[in-house]
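As structure tokens, the structure follows; a few thoughts come after it.
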Amino acid sequence: MTVLPRAFYEQEVTDVARSLLGKCLVRRWQGQFLTGMILETEAYRGEEDLACHAKSGRTPRTDVMYGAAGHAYIYFTYGMHWCLNAVCAAEGFPAAVLLRSVWPLTGLEEIAKRRGRFPLEKWCDGPAKICQAFNLNGKLNRANLCTTDDELWIEDGVEFPAERVVIGPRVGISSVPEPWRSLPWRFLIQLTEEEKA
DNA sequence: AGCACGATTAACT
DNA sequence: GTTAATCGTGCTC
């Protein structure tokens, strides 16, 4: 397995969101590795994107999105949930890919400590569920995803053919005005029952 | 200082 | 389909 290099993230954020499908999210935790295959992503792009947190400019919260690509942006929302993004694009331009769903691969016993009360298919099928499952919170905000120095990174994985990629509008932004609400910036792989086994 | 709301989830009718 | 949970963030006064 190869850790994705910084150059991978220094691209158009929509391209990175598409390319992240099939890649492997890795969390080092208490001497073991929790991993999962990325199945759903969304792109958030620039201050003009009214769905993007950077719509209100550079603030303490959004500062990391303006920095170098290949770092984690982990934010807190709804008073209880954390969500994980990968910062993309050139330094100075705020953009990030939200990881919305992964398929758990290893460290299942550890993941089950937090998600085991639900069926396996529901362990990581939402942005805040990923953070619960992988034990991610603000402590890993700004983590460097391009090395194994921090406890979070992304490695090479499976290549899905283009016809497997479902593309549609981003979810959870119904109060955002057009055209942003309907831009096709969500990318999804639907696993077959065979692939889940 | 106060306020409205959120890139959500899970439980409930 | 509806709603509570729960608090950081950015905006208004």
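Chain letters run A, B, ... following the sequence lines, proteins first, then strands; residues in each count from 1.
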Whole Å only: how far is the OH atom of A/Tyr73 from the P atom of C/dG8? 15 Å
By the 4.0 Å heavy-atom rule, please label A/Tyr75 as base, sugar-phosphate, or nothing. base
Return the value, rounded to whole Å, for the distance between atom CE of A/Met80 and atom C1' of B/dG6. 11 Å
A/Leu50 CG to B/dC5 P: how many Å, rounded? 17 Å
Does the ring of A/Phe76 meet both stacking tests against the six-membered base ring of C/dG8: centre distance under 5.5 Å and plane angle under 30°? no
Please determine whether a side-chain nitrogen of the Lys or Arg among A/Arg142 and A/Asp63 lies less than 4.0 Å from a carboxylate oxygen of the Asp or Glu. yes
A/Arg170 near the nucleic acid: base, sugar-phosphate alone, or nothing, with a heavy-atom cut-off under 4.0 Å? nothing
Span that lies between the P atom of B/dG2 and that of C/dT6, in whole angstrom: 22 Å
For B/dA7, which nucleotide in any strand shown is its Watson-Crick or wobble partner with both distances under 3.5 Å? none
Once the angle between the rings of A/Phe33 and A/Trp153 is folded into 0 to 90°, is it parallel (under 30°), tilted (30 to 60°) or perpendicular (over 60°)? perpendicular
Selected nucleotide, minimal atom distance to A/His81 side chain, candidates B/dA7, B/dT8, C/dA5: B/dT8
Using a 6.0 Å cut-off, check whether atom CD of A/Glu159 has over 12 heavy atoms from anything other than its own residue. no
Give the nucleotide from the list B/dA7, C/dG10, B/dT9 with an atom nearest to the side chain of A/Pro127. B/dT9
The residue, A/His53 or A/Lys129, whose nearest nucleotide of DNA chain B is more 5′ is A/His53
Using the C1' atom in both, what is the distance from B/dC5 to C/dT3, to the nearest Å? 16 Å
Taking atom CD as the centre, does A/Gln190 end up with more than 12 heavy-atom neighbours from other residues, nucleotides or ligands that are less than 6.0 angstrom away? no
5' precedence on DNA chain B between A/Arg115 and A/Ile173 (nearest-nucleotide basis): A/Ile173
Starting at CZ of A/Phe187 and ending at C1' of B/dA7, how long is that distance when rounded to a whole Å? 15 Å
Residues A/Val3 and A/Leu145: closest non-hydrogen pair is CG1-O, 3.6 Å
Touch class at under 4.0 angstrom, heavy-atom based, for A/Arg186 against every strand present: nothing
Provide the Watson-Crick or G-U wobble partner of C/dT6, both distances under 3.5 Å; none if there is no partner. none
So A/Ala128, base contact, sugar-phosphate only, or nothing? Heavy-atom distance under 4.0 Å. sugar-phosphate
How long is the line joining CZ of A/Arg100 and P of B/dA7, in whole Å? 11 Å
Classify the nucleic acid contact of A/Tyr78 as base, sugar-phosphate or nothing, counting any heavy atom under 4.0 Å across all strands shown. base
Answer yes or no: does a side-chain N or O of A/Thr59 lie under 4.0 Å from OP1 or OP2 of C/dT9? no
From CG of A/Leu84 over to P of B/dT8, roughly how many Å is that when rounded to an integer? 14 Å
Let me know the distance between CH2 of A/Trp82 and P of C/dG8, rounded to the nearest Å. 9 Å
So CD of A/Glu91 and CZ of A/Arg6: to nearest 0.5 Å the spacing works out to 9.5 Å
Rounded to whole angstroms, how far apart are OH on A/Tyr44 and P on B/dG6? 13 Å
